[in-house]
Number of protein chains: 4
Amino acid sequence: MAESAGVYCPMPSEQDNVEQAKGNPALNSSTFIPPAPLMSPSIIIEFCDRCRWLHRATWVSTELFLTFPPPVLKAISIIPLNSEETGGRFRVWLNLEGSPPQLMWDRKIEGGFPELKGLKQRIRDYVQPGKSLGHSDKKSE
Amino acid sequence: MAESAGVYCPMPSEQDNVEQAKGNPALNSSTFIPPAPLMSPSIIIEFCDRCRWLHRATWVSTELFLTFPPPVLKAISIIPLNSEETGGRFRVWLNLEGSPPQLMWDRKIEGGFPELKGLKQRIRDYVQPGKSLGHSDKKSE
Amino acid sequence: MAESAGVYCPMPSEQDNVEQAKGNPALNSSTFIPPAPLMSPSIIIEFCDRCRWLHRATWVSTELFLTFPPPVLKAISIIPLNSEETGGRFRVWLNLEGSPPQLMWDRKIEGGFPELKGLKQRIRDYVQPGKSLGHSDKKSE
Amino acid sequence: MAESAGVYCPMPSEQDNVEQAKGNPALNSSTFIPPAPLMSPSIIIEFCDRCRWLHRATWVSTELFLTFPPPVLKAISIIPLNSEETGGRFRVWLNLEGSPPQLMWDRKIEGGFPELKGLKQRIRDYVQPGKSLGHSDKKSE
């Protein structure tokens, strides 16, 4: 049933749906396990929603998942903020097991938005140190 | 400095950047507080990455933020999965303080993907029960 | 029926659908007029698909529509390219009636990707010269 | 210089930029050829902007490009509409050389939005009749 996958990702038939819902764990939501609160490695993007940066944040998350598909990155969380004191914020955090989230980017410190190449290099150095990001990439020193 | 905002979201000048980094808490990352692990209310979207549903998940998150801007929804997390046993999964969870995440949508149970209207109605009934979603909306009973 | 609009955008009932398709011009596709080949003003984004810039192009188009909603911009076209000689291309064109499309951005000439603010200012100067893009904006001279 | 490509998509060096702009056709915009007004095959998505369907239209275009990368589809144009008489419109057109654009989807005729699988099957039957869209796909009859 998967849209364009080359792999087999099954979907219960409608009949299953009706007849076997109680017996089939795939259809019995009481057997479902909610995801863990904070996966590792994962990315958190905080941004000022007054500045209308939702689509920028979403785009960054799309690019990060394409470069670091699961299980390299296990989750990305998007956090829009709309209070006075978070005005102008655009921060990218990396969450790794065993330590508090580490700051990868802050718009005020860096004086602007992340060019993807630089952001990806910083994240790569933590989550996949050997990986080349393409021919123009150099391991950051 | 905000791109298209009608509000004032300041950005430190370049001079600040150089001269005052240590003194200016906006530029001193050791003063930054990482976001909490699990905000409330928030949404979690789990999906099968083999099925290539990243863009569907991202689109759903964009739509939910437009309908429930912060602080109604405080965060959305996207979790791609690529193991055998999560094949074909597309689940939307709502996280509310004081209880485990509640299932809002499961592709196998529902027999397909969420039409946005229905998904928004279910979420609305928890996070903003009085809100109308438009003239075709009815409060679910 | 509109998802979240404050305006009334009707949808024929199912009954209409079945009974009146022939008589109801809204449901008779032979009465539909295809869109014109090149609307004005409109934007064209050409990019190297080998470089995987689809999501960047799509994000830019989202931002341009949010800043210049119709009828300021009437259309945006996205053109992925995958030949040898278009390698590394990222160009933004503005189409205005009565002249050939004008170049707003070229990655090789500019030495990188458009920061949105600069690109919006250039487009604004043609399509909506009086418009302020926010407090940090200055009319380009 | 390409972000994540496995191919070589060159970017002129900064020195080129300064010294050779006039001589280097890659940097001389007077040698650039604007894209043709209507490419074939291409897709046109018209939608009611009052209904806030920009992100739905953008998502559909992303999915179509992933399934039909260039040169199968050469362009996708997005046309937001905001007049009274286009209220509630969501139409997908296919443009093929030698004939006027053909309607692939109309929200009012179909009674809702395209499920991607169905829309892709219709487009596939014109632009790439032999292509399988995955294991659940059947050539439409």
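In this structure, chain D has no heavy atom under 4.5 Å from any part of C:Arg89. Using a 4.5 Å cut-off between heavy atoms, D:Ile33 contacts chain C through its backbone alone, with no side-chain atom that close. Using a 4.5 Å cut-off between heavy atoms, C:Ile79 touches chain D through backbone and side chain atoms alike.
Ranked by heavy-atom pairs under 4.5 Å with chain D, the first of C:Ala75, C:Pro101, C:Pro80 is C:Pro80. Among C:Gln102, C:Arg91, C:Lys74, the residue with the largest count of heavy-atom pairs under 4.5 Å with chain D is C:Arg91. Ranked by non-hydrogen atom pairs under 4.5 Å with chain D, the options C:Pro70, C:Ser29, C:Pro71, C:Gly88 are led by C:Pro70.
Looking at every heavy atom in both residues, D:Leu54 comes nearest to C:Leu66 through CD2-CD2, 4.3 Å. Pairing each heavy atom of D:Pro35 with each of C:Trp93, the nearest pair is CD-NE1, 3.6 Å. Shown here for D:Leu27 and C:Lys108, the closest heavy-atom pair between the two residues is CD2-O, 3.3 Å.
Residues C:Trp59 and D:Thr58 have side chains not in contact (no heavy-atom distance under 4.5 Å, counting atoms from C-beta outward). Within the 4.5 Å cutoff, side-chain heavy atoms of C:Ile78 are placed close to those of D:Phe65.
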Audit row: D:Ile109, C:Asn28, side chain to side chain contact (heavy atoms under 4.5 Å, CB included) steps and yes/no: CA-CA 8 Å; D:Ile109 290 180; C:Asn28 179 353; over 6 Å; no
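Interatomic distance, CZ of D:Phe32 versus CG of C:Asp106, reported as 4.0 Å (0.5 Å rounding).
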